[in-house]
Amino acid sequence: MQLDQQLCSRARLARDARFDGKFFIAVLTTRIYCRPICPARTCKESNVVYYPTAAAAAEAGYRPCLRCRPECSPGCPAWAGTQTTVSRALRLISESGLEDGGVEGLAEHLGVGARHLRRLFLKHLGASPSAVAQTRRLHFAKQLIDETTLPMVQVAVAAGFGCVRRFNDAIRKVYRRTPTQIRRLARQTAIQRENAYRFQLDFRPPYNWNRMLEFLAARATPGVEAVQAGSYRRSISFNDHHGFLEVSFDESRNALKACVQFDDPRSLIFIIERVRAMFDLNADWSSIAKTLRADPVLAKSVHAEAGLRVPGCWNGFELTVRAILGQQVSVKGATTLAGRIAEAFGQRFEPAPGLTHLFPTPEILAGADLTSIGLTRARGETVRALARAVRAGRIRFEGLVDFGALRAQLCEIPGIGPWTAEYVAMRALSDPDAFPSGDLHLRRNAGDCTQRELERRSEAWRPWRAYATMLLWQSVRDEPPAPPVRRQVPAFAS
Ligand SMILES: [Zn+2]
């Protein structure tokens, strides 16, 4: 990856938050690396070196700054959602580290040689796969030390260090302090409940939180999700453990605050990655806006809706069920149906106000009689067929997902068409270029064009067509719902 020295320099001197996470600054004299937003005194240009990733700075022997905390920086935007070997590898590392099989195992998963994979990593990220995995582990450990009261033994396990000794050694080597000394520095004041963890998740501004919350609120499944007093809350289930999470906005810090209540700390790293994807925290609005504002149809809303994100989801199966329910009914109608499914088939679970159920698993919905809650037989069968495919592992939303293959697998299920597949790619896979081009509202708002005309026009919006979709949908927000349509073209985002 080639960094533009001049651009880095300007961003560093201006402490420009829009560049946070897009490069790191290593200081030759102190051997410490920083984020562009570091509040510490800026040093002379001749004393700094720029690195594309934290792992590259770490591999070059620099230690993370204790003031700007590189572990909290927003992810690297260049790789979010793309389908290259490097981005697929990064996705696997972020989900499960290098636990099974190390770099060799990772390369085998991806169908490339280990040496080739190392070369690709060095070329694009400036660091080896093991340095990336090690940095991720250390950063997460540092966050747990700073932001939670989790006992150190458990921090070691949660961050994926095999044993406490390895954890202690790694922290001491990198931070020149023991984990306990670091925690003392963090000055924990809030008293935390047992199994409750708070995280600060930074983003690159701007972030349009109101639109994110509105979108999620209109689609919140009653009993499973709740939007109240500016926060989003939902019940979660992972590896047979249950809990809930709550996310709110902290504009003064360019961050979201996430509170996670979960009794298995080993899952925290996965849960936090999922929250980051759900709220699209890696997005780089300045790049997106630059591409999209070139089209006169989008220019106005790019300006009016600065920082608009593509809402992701907690669980791909749940989102797809929800998308099927939304076919040919209003957003409100689909929300009601989703609530009925949760109530009739979900496990009862009341961890926080507004939450009463877990969303039902594929195992349960595979055999459920969905006509009992008011679904047509055909639509009920579509949900069941999806549940069977997910239960059998034929359709997977996690791990190594090929975007194109998943779309094709979804469309093989009777009742799922291209619109639903694109919508799922957009929200469950975080594919930034997903584009439901048949959508009636998109066509209308892009100037009453045909699907083919819209597709042609959208070529110029690549690779950000999911964001163009969100922008075009925004302009219909306040209009009455469209009349029912006959074909499999649902109205306005189920
Ligand atoms: Zn710093």
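As the structure lists them, so they are numbered: ligands from 1, and atoms in each ligand from 1. Residue indices begin at 1 and follow the sequence shown.
Side chains of Asp433 and Trp464: no donor on one and acceptor on the other come within 3.5 Å. In the model, Arg137 has a side-chain atom that pairs as donor or acceptor with a side-chain atom of Gln134 under 3.5 Å.
Under the salt bridge (charged side-chain N to carboxylate O under 4.0 Å, His left out) rule, Asp20 has a single partner from Arg204, Arg12, Arg35, Arg253, which is Arg35.
Take a cut-off of 2.8 Å around the Zn ion (ligand 1): the protein N, O or S atoms inside it are Cys34 SG, Cys38 SG, Cys65 SG, Cys68 SG.
Partners of Asp280 according to the salt bridge (Lys or Arg N to Asp or Glu O under 4.0 Å) rule, which considers only residues two or more places apart in sequence or in another chain, do not exist here. With sequence neighbours left out, the salt bridge (Lys or Arg N to Asp or Glu O under 4.0 Å) criterion links Arg233 to Glu246.
Annotation: ring pair (Phe, Tyr, Trp, His ring centres under 6.0 Å) contacts involving residues 252-278, sequence neighbours excluded, comprise Phe238-Phe270.
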